[in-house]
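Just so it is clear, the structure is predicted and the values come from calculations on it, not from any experiment. Counting begins at 1 with the first residue of the sequence.
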Amino acid sequence: MNPPVALTIAGSDSGGGAGIQADLKTFAMHGVFGTSAITALTAQNTAKVRAVQAVEPDFVAEQLSAVLDDLPVAAVKTGMLATAETVHVVARWARRLPRLVVDPVLVSSSGDSLFDGAARRAYLEELFPLATVVTPNSREAGVLVGREVGCVDDAITAAHELGATGPTWVVIKGGHLDGGGEAVDVVWHDGRVELLRTPWVDTANNHGTGCTFAAATAARLARGDDVRTALEGAKSYVHRALVEAADWRLGAGHGPLSWEAIQ
């Protein structure tokens with residue numbers, strides 16, 4: 001039996017905690033064969049992003065063509081797309097991208113916006129309408145709706161607004177929300193909202209949580225899970241990954257998650 005195949009379209013993290021590296025490790029731990037289209041190279045570690053070099057959008061398209069022409073991709077996850085032009089490219093390919101999970105990396109870990117208004121519009125008008133799931137964190141949701149998303153009630157309102165742009169499911173990841181001692185994700189589908197909750201893990205080893213959640217969701221979709229089951233499994237996987245790495249001492253900044261968190 002062949003393994004299911006998933007594709008990540010994202011940037012490279014030289015420190016290994018997020019981006020393509022986290023996605024491929026997450027795919028592997030779910031028994032999924034991982035493929036990739038790299039959108040940017042970063043020089044970074046646990047403490048700092050030192051430099052970013054975007055890949056030419058035409059070459060991103062060449063990578064997509066090479067993978068999709070040859071391999072039976074069953075699910076796709078997007079991460080850092082680096083430029084508005086690359087968002088446009090991925091949107092043009094989106095109808096060939098099955099079970100598309102869009103993780104819109106719009107805001108740096110320090111809270112700074114990484115894109116201008118053109119990229120925001122491209123996500124909302126071109127990519128979101130074709131997505132199976134979109135997974136912004138609360139800061140990214142704030143950029144997308146044009147106001148701060150600081151609590152669970154704010155996230156619920158934002159999820160309804162983002163759902164109106166066309167994705168089948170919206171998940172606003174709650175790592176930056178005030179969840180009262182819990183990590184609370186807001187899930188929107190078909191006009192209704194539910195909450196995914198896990199206990200808060202007090203650790204600085206949280207680099208790559210958003211990438212890992214979206215990648216785990218895509219991996220589980222590739223394996224045949226329905227969306228709700230995939231989201232619940234991804235939430236549980238990230239929680240275990242945080243717990244298992246909570247006492248690690250890798251690097252001087254925000255360390256990585258444990259990728260060996262499958263039960």
Legend entry - Whether Asp185 side chain and Leu196 backbone form a donor-acceptor pair below 3.5 Å: no
Legend entry - Contacts of His189 that satisfy ring-ring contact (aromatic ring centres under 6.0 Å, His included) - sequence neighbours left out: Trp169
Inset, instruction - For the pair Asp226 and Arg220, find out whether any cationic side-chain nitrogen is under 4.0 Å from an anionic carboxylate oxygen. - result: no
Legend entry - Flag side-chain contact, heavy atom, 4.5 Å: Thr209 against Cys211: no
Inset, instruction - For the pair Thr217 (side chain) and Leu231 (backbone), establish whether a donor and an acceptor sit closer than 3.5 Å, ignoring hydrogens and angles. - result: no
Inset, instruction - Give a yes or no answer on whether the side chain of Ser236 reaches the backbone of Glu232 with a donor-acceptor pair at less than 3.5 Å. - result: no
Legend entry - Within 6.0 Å of CG in Asp202, more than 12 heavy atoms from elsewhere: no
Inset, instruction - Could you tell me whether the side chain of Thr35 and the main chain of Ala6 form a donor-acceptor pair under 3.5 Å? - result: yes
Legend entry - All side chain to side chain contact (heavy atoms under 4.5 Å, CB included) counterparts of Leu24, not counting sequence neighbours: Thr8, Ile20, Phe27
Legend entry - Nearest-0.5 Å distance, CH2 of residue Trp259 to CE of residue Met29: 9.5 Å
Legend entry - Non-hydrogen side-chain atoms of Arg120 and Leu106 separated by less than 4.5 Å: no
Legend entry - Residue pairs, two or more places apart or on separate chains, that pass salt bridge (Lys or Arg N to Asp or Glu O under 4.0 Å) and touch residues 146-155: Arg147-Glu161
Inset, instruction - Give a yes or no answer on whether the side chain of Thr203 reaches the backbone of Ala246 with a donor-acceptor pair at less than 3.5 Å. - result: yes
Inset, instruction - Find the distance between CG (Leu130) and CG (Leu97) and round it off to the nearest 0.5 Å. - result: 9.0 Å
Legend entry - 4.5 Å side-chain heavy-atom contact, Thr135 and Val101: yes
Inset, instruction - Decide yes or no for His207 and Asp13: does some side-chain heavy atom of the first lie under 4.5 Å from some side-chain heavy atom of the second? - result: yes
Inset, instruction - Answer yes or no: is there a donor N or O on one side and an acceptor on the other, between the side chain of Thr86 and the main chain of Ala82, under 3.5 Å? - result: no
Legend entry - Side-chain donor or acceptor of Thr46 paired with backbone N/O of Gly253 under 3.5 Å: yes
Legend entry - Pairwise side-chain contact, Asn137 with Ile172, heavy-atom cut-off 4.5 Å (strictly under): no
Inset, instruction - Check for a donor-acceptor pair, side chain of Thr26 on one end and backbone N or O of Ala22 on the other, with a separation under 3.5 Å. - result: yes
Inset, instruction - Please confirm whether the backbone N or O of His30 pairs with a side-chain atom of Arg223, one donor and one acceptor, at under 3.5 Å? - result: yes
Inset, instruction - For the residue pair Val73 and Val67, establish whether any side-chain heavy-atom pair is separated by less than 4.5 Å. - result: yes
Legend entry - Close side-chain approach of Val102 to Thr132, heavy-atom, < 4.5 Å: no
Inset, instruction - State whether Arg92 and Glu126 are salt-bridged, where the test is any N-O pair (Lys NZ or Arg NE/NH1/NH2 against Asp/Glu carboxylate O) under 4.0 Å. - result: no
Legend entry - Joint hydrophobic cluster, Val184 plus Trp200, side-chain heavy atoms closer than 4.5 Å: no
Legend entry - Close side-chain approach of Pro136 to Leu144, heavy-atom, < 4.5 Å: yes
Inset, instruction - Would you give the length of the straight line joining atom CG of Asp58 to atom CD of Glu85, rounded to the nearest 0.5 angstrom? - result: 10.5 Å
